[in-house]
Every structure is written in C-alpha cells, then in structure tokens.
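Structure first, commentary second.
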Amino acid sequence: MRITTQMLNETAKRTGIPINQPNLLNYINNESGSDGGTLLDALKDNNKKKVSSIAAENYKKLEKSADSLRDQADKLAETGEESFLEKIKNSENKDEAYKTVESFIDQYNATLSGLSKSDSTLDHYYSMMLKDAVEDKSEALEKIGITAGKDGKLSVDAEKLKNASIEDIQSVFGGANGLAAKTALVAGKVSENAAACTQSVSSQYDAKGNLQSYLAGKYNFFG
C-alpha cells in the first residue's frame, strides 16, 4: 500500500507529532530530522511517554488509596480508654464504627486493585501480605459479615455488620496483632513504594522493585 502525505498527517495528528506537510513524507522515509531521528522514532518515543504517563498515574492512585487505608486502619487499631472504638462503645451512636469499617474495606479493595495493575515484584509481595492478613482473621471477619472473594477483595453484609457488637469489631481489628495494625503497616510500605515508583517511572528508571532487599536475612514482615 502506498503511503501518502495525507495518511501521514492523520497519524501525526493522532499522536501529537508536529505536522510539516512538505517534509513529512521524506521524514518517514529515513531522511533525518533535526535530531537525526525519523517519524517512526518519534512515534515510538511518543508511545513510551504515554505508557509512562499511565504508569505514573496508576502509582499516584495507589499511593492515595494506600494512605487512606492506613488512616482507617490506624483508627481501628487504637487501644485504650481514649481509642476510637472504645469511645464509641460507651456512646449511644455506633454508626461511626460501622462506617469506618466500610471505609476500610473500600480502601483495602482499591489498594489491592492498584497493586494488581503493577508488574513490580515488590507490589505483588505487598498484595500477598494484605491477603494473608485477612486470611488469618477470616473466621472472625465472617462473624461480623465480612468475606474475601477469590481475588482477595472484601465484601460486607451491611446488616450483619450493624448487628455486630463493638467488642466483636475490636476482636478483629484492634490491638497490635489485629487486622488493622497489620494492614496499616503494609499500607504504609505500599504508599512509600508507590511514591518512589511515580518518580522512577517519570524519569524512565526501572521501577520493578527489589524484593530481595526487603527480605534479606529472612526478615519477618510483621515482626
């Protein structure tokens, strides 16, 4: 098929390459531009920039959801008389506790979704740690209406959750060994890594992550 100037101009418009009608046909026929490149090179570079932009945007969203997850988890993990759940236990209105649990679930699912879009070995590891933390509490979670699907994402029976006592919620989420504390720890690492990867992708640096540096010496993630 013969490539015409009109065809090239249409391609250039779609990809954002500046149009210079008199020279566009020569440009693709390997006649060097000002930087020694061809139109094909320019198209490849433009595509790489688009891919990098998408990756950076995904990492930004992941950082945001991980930060939100950590905030909700920190609140649920609190202990003591002045803790979030303890104060609610002694109040007449328990709705704030249920809303916080539901928000935790929303941000947990958003973080898992963001991690699944990454090809980083480290992000896959974080995803596994989040799922393992939920698995360890699966029976207790089911008692208050929360279950995990095959993809690891959580769903909630709102009616069953509202029938759960604050003590039941504390037994699942509260304390140093509760689901909330473990989730907050992982979420913090996810956020830090997402922020670093955003910078790495933007600078065309290889942002696949290094799992070995985090596991050196058989480090126990949860201590």
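Basis for what follows: all heavy atoms, side chains included, without hydrogens, waters or symmetry-related copies.
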Any donor-acceptor N/O pair, [X] side chain to [Y] backbone, under 3.5 Å:
X	Y	value
T111	Q107	yes
S103	T100	no
S91	I88	yes
D123	D119	no

To check you understand the geometry: which heavy-atom pair defines the closest contact between [X] and [Y], and what is its length?
X	Y	answer
G80	E86	O-CB, 3.3 Å
K137	G178	CE-CA, 4.2 Å
A66	V190	CB-CG1, 3.8 Å
F104	A73	CE1-CB, 3.9 Å
L85	A97	CD2-CB, 4.0 Å
N177	K182	O-CE, 3.9 Å

| Where do H124 and L115 land on the side chain to side chain contact (heavy atoms under 4.5 Å, CB included) test, with the steps shown first? | CA-CA 7 Å; H124 291 172; L115 289 170; over 6 Å; no
| task | Any side-chain hydrogen bond (donor to acceptor under 3.5 Å, both in side chains) involving residues 74-84? Give me the pairs, sequence neighbours left out, ordered by first then second residue. | result |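 Residue pairs passing side-chain hydrogen bond (donor to acceptor under 3.5 Å, both in side chains), neighbours aside: none found.
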Beyond-backbone contact of [X] with [Y], side-chain heavy atoms, under 4.5 angstrom:
X	Y	value
K60	K64	no
Y59	S118	yes
T147	L154	no
K153	S113	yes
I146	K160	no

| field | salt_bridge(D67, R70) N-O dist < 4.0 Å | value | yes
| More than 12 heavy atoms of other groups within 6.0 Å of K89 NZ |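 Yes.
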| said: Walk me through whether Y108 and V134 qualify under side chain to side chain contact (heavy atoms under 4.5 Å, CB included). | reply: CA-CA 10 Å; Y108 177 94; V134 166; 3.2 Å; yes
| field | side chain to side chain contact (heavy atoms under 4.5 Å, CB included) between L141 and L179, intermediate numbers included | value | CA-CA 10 Å; L141 283 166; L179 176 59; 4.0 Å; yes
| Side chains of S165 and D168: is there a donor and an acceptor less than 3.5 Å apart? | yes
| remark: By side-chain hydrogen bond (donor to acceptor under 3.5 Å, both in side chains), E102 pairs with (sequence neighbours left out) none
| query | What's the verdict on side chain to side chain contact (heavy atoms under 4.5 Å, CB included) for E96 and F84, showing C-alpha distance, side-chain angles and the deciding distance? | reply | CA-CA 9 Å; E96 190 63 28; F84 171 70; 3.8 Å; yes
Nearest-0.5 Å distance, [atom1] of residue [X] to [atom2] of residue [Y]:
X	Y	atom1	atom2	result
N109	S155	CG	OG	8.0 Å
L122	E192	CG	CD	10.5 Å
E167	I144	CD	CD1	12.5 Å
Q72	I105	CD	CD1	11.0 Å
I166	F173	CD1	CZ	11.5 Å
S116	D151	OG	CG	9.0 Å

| message | So, applying side-chain contact (heavy atoms from CB on, under 4.5 Å) with E159, which one of V156, L161, N163 is it? | response |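 By the side-chain contact (heavy atoms from CB on, under 4.5 Å) criterion, E159 pairs with just one of V156, L161, N163: N163.
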